[in-house]
Amino acid sequence: MPELPEVETTRRGLDARLLGQTVRAVKVRNPHLRWRVEDAMSRELPGQRIVSVDRRAKYLLLRTDAGTLILHLGMSGSLQVVPPSRPFHRHDHIVWDFSNDLSVRFRDHRRFGAAIWTRDDPFAHKLLSALGPEPLSNAFDGGVLYERSRGRRATVKAFLMDGRVVAGIGNIYANEALFRAGIHPARAAGRIARGRYDRLADHIRTVLRESIDRGGTTLRDFVGSDGDPGHFIAHLDVYGRVGQPCRRCGEVLKLRVIAQRSTVYCRRCQR
DNA sequence: ACTGGCTCCTGAGGGC
DNA sequence: TGCCCTCAGGAGCCAG
């Protein structure tokens, strides 16, 4: 599923190919994504030039002078940059044709993704306005986690995946960062010391950067991951490794559902 | 202010 | 071989 590193890789691919290009045509083949794709997007986007391609959490922001296209890949979405003549896949739901004779297709077989058109400041949009700091920005550190977690009884795993605390940490990277930091995923967020949050924040940043570096390599051709966790999968310590030995101590890795998500951890290394 | 549970959807995988 | 069943999973939303 597209996690923050895949979305960032996608952003870089779009930025390299679409910046300064003009939207020639928009075709919505199936408007039934997470929220119905509004006609205003098809009406107002043609003729507009892409002035920037940004990312906030796992949202992609394609800005024009008339408004911003906000995209979310959900859990099975991908964006494909292809020649317009390429035959359609049955789950290609939206198509944007550009002035450089490239076509971008939003493919999403589960349709948990979203395409939202807004004329206003996208950061003021309800979906973005309450988001916490970007994990790779200077605004994020152990202090943020420590301050925000005081008094909270929810598990640290759920806490990390709450976008209002820190933006864009998905299930895979919550699992991985907690393993690297040696913190048990079911521990109450409010009962973790400052020093451990400092280390956790460092590990969140490091694991995301390492994965982006991998994504940047394996997804260079930009065909989208389409449900695949990406080639960073070979470097995961816990996610997808239930029943296998811990790379650090050899203990068999355990699976528990925490925060409604599969959580894999080492009960010896994580306390 | 928090917290946990529900929801959308389809392909994959297991059982028989 | 094929059919049926179950389930994962991002994150907004809502009730308690």
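What you are looking at is a predicted structure, and each value in this text was computed from that prediction instead of being measured. Within every chain, numbering begins at 1; the chains are lettered A, B, ... in the order of the sequence lines, protein sequences first and strands thereafter.
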**Prompt:** For A/R90, which contact category applies under a 4.0 Å heavy-atom criterion: base, sugar-phosphate, or nothing?
**Reply:** sugar-phosphate
**Complete:** Taking Watson-Crick and G-U wobble contacts under 3.5 angstrom, with | marking pairs to another strand and [ ] crossing pairs, the secondary structure of DNA chain C is written .|||||||||||||||
**Request:** Could you tell me whether A/D97 and A/R24 make a salt bridge, using a distance below 4.0 angstrom between a side-chain N and a carboxylate O?
**Result:** no
**Prompt:** What nucleic acid atoms does A/E3 come within less than 4.0 Å of, heavy atoms only: base, sugar-phosphate, or nothing?
**Reply:** sugar-phosphate
**Request:** Check DNA chain C against residues 28-36 of chain A and give the residues with a non-hydrogen atom under 4.0 Å, in numerical order.
**Result:** A/R34, A/W35
**Request:** Starting at atom CD of A/E6, determine the distance to atom P of C/dG10, rounded to an integer number of angstrom.
**Result:** 11 Å
**Prompt:** If you take all heavy atoms of A/D108 and A/L73, which pair is closest and at what distance?
**Reply:** OD2-O, 4.1 Å
**Ionic contact status for A/R12 with A/D15, cut-off 4.0 Å** = no
**Item:** Intermediate values then yes/no, side-chain contact (heavy atoms from CB on, under 4.5 Å), A/R105 and A/R86
**Value:** CA-CA 10 Å; A/R105 298 180 184 179; A/R86 182 79 57 88; 3.8 Å; yes
**Item:** A/L255 CG to C/dG9 C1', straight-line distance once rounded to whole Å
**Value:** 14 Å
**Request:** Would you name the heavy atoms of A/P185 and A/Q270 that are closest together and state the gap between them?
**Result:** CD-NE2, 3.7 Å
**Prompt:** Is NZ or CZ of A/R248 both nearer than 6.0 Å to the six-membered ring centre of A/F179 and within 45° of the ring axis?
**Reply:** yes
**Message:** When you measure from the centre of the six-membered ring of A/F88, is the NZ or CZ of A/R29 closer than 6.0 Å and no more than 45° off the axis?
**Reply:** yes
**Message:** Check the phosphate of B/dT10 against A/R107, side-chain N and O only, distance under 4.0 Å to OP1 or OP2. Yes or no?
**Reply:** no
**Message:** Need one value for A/D162: base, sugar-phosphate or nothing, where a base atom within 4.0 Å counts as base even if backbone is also close, heavy atoms only.
**Reply:** nothing
**Request:** May I have the distance from A/N175 (atom CG) to C/dA8 (atom C1'), rounded to whole angstrom?
**Result:** 14 Å
**Item:** Gap between atoms CD and C1', on A/Q260 and B/dG5 respectively (whole Å)
**Value:** 6 Å
**Request:** Measure the distance from CG on A/L128 to P on C/dG10 and round it to the nearest whole Å.
**Result:** 18 Å
**Prompt:** Would you say B/dG11 has OP1 or OP2 under 4.0 Å from some side-chain N or O of A/H91?
**Reply:** yes
**Asked** So, for A/A40 and A/R119, which heavy atoms are closest and what is the spacing to 0.1 Å?
**Response** CB-NH2, 4.2 Å
**Asked** So which nucleotide from B/dG4, B/dT3, C/dG10 ends up closest to the side chain of A/R153?
**Response** B/dT3
**Asked** Are any of A/R110's side-chain N or O atoms less than 4.0 Å away from OP1 or OP2 of B/dC8?
**Response** no
**Asked** Tell me: CG of A/L127 to P of C/dG10, nearest whole Å?
**Response** 17 Å
**Message:** Quick check: on DNA chain C, is the nucleotide nearest A/K126 upstream (toward 5') of the one nearest A/G74, or the reverse? Name the residue that is more 5'.
**Reply:** A/G74
**Prompt:** OP1 or OP2 of B/dG11 less than 4.0 angstrom from a side-chain nitrogen or oxygen of A/S76, does that happen here?
**Reply:** no
**Prompt:** Just by distance, do the side chain of A/N171 and the backbone of A/S262 share a donor-acceptor pair under 3.5 Å?
**Reply:** yes
**Item:** A/H72 side-chain N/O to C/dA11 phosphate OP1/OP2 under 4.0 Å
**Value:** yes
**Prompt:** Is there a side-chain contact between A/F159 and A/I192, using heavy atoms and a 4.5 Å cut-off?
**Reply:** no
**Prompt:** What's the NZ-P distance between A/K157 and B/dT3, to the nearest Å?
**Reply:** 16 Å
**Item:** Nucleotide nearest A/R261 (side chain, heavy atoms from C-beta), chosen from C/dA11, B/dG4, B/dC9
**Value:** C/dA11
**Message:** Can you tell whether the side chains of A/D213 and A/R209 come within less than 4.0 Å, N to carboxylate O?
**Reply:** no
**Asked** Should the heavy atoms of other residues, nucleotides or ligands under 6.0 Å from CG of A/D121 be counted, would the total exceed 12?
**Response** yes
**Item:** Pairing of A/R152 and A/D162 as salt bridge, 4.0 angstrom limit
**Value:** yes
**Message:** Can you list, in residue-number order, the parts of residues 54-62 of chain A that come under 4.0 Å of DNA chain B, counting heavy atoms only?
**Reply:** none
**Asked** Do the side-chain N or O atoms of A/Y239 get closer than 4.0 angstrom to the phosphate oxygens (OP1, OP2) of C/dG9?
**Response** yes
**Asked** With stacking defined as ring centroids separated by under 5.5 Å and planes differing by under 30°, is A/F112 stacked against C/dG10?
**Response** yes
**Item:** Value in whole Å for how far the C1' atom of B/dA1 lies from CZ of A/R152
**Value:** 8 Å
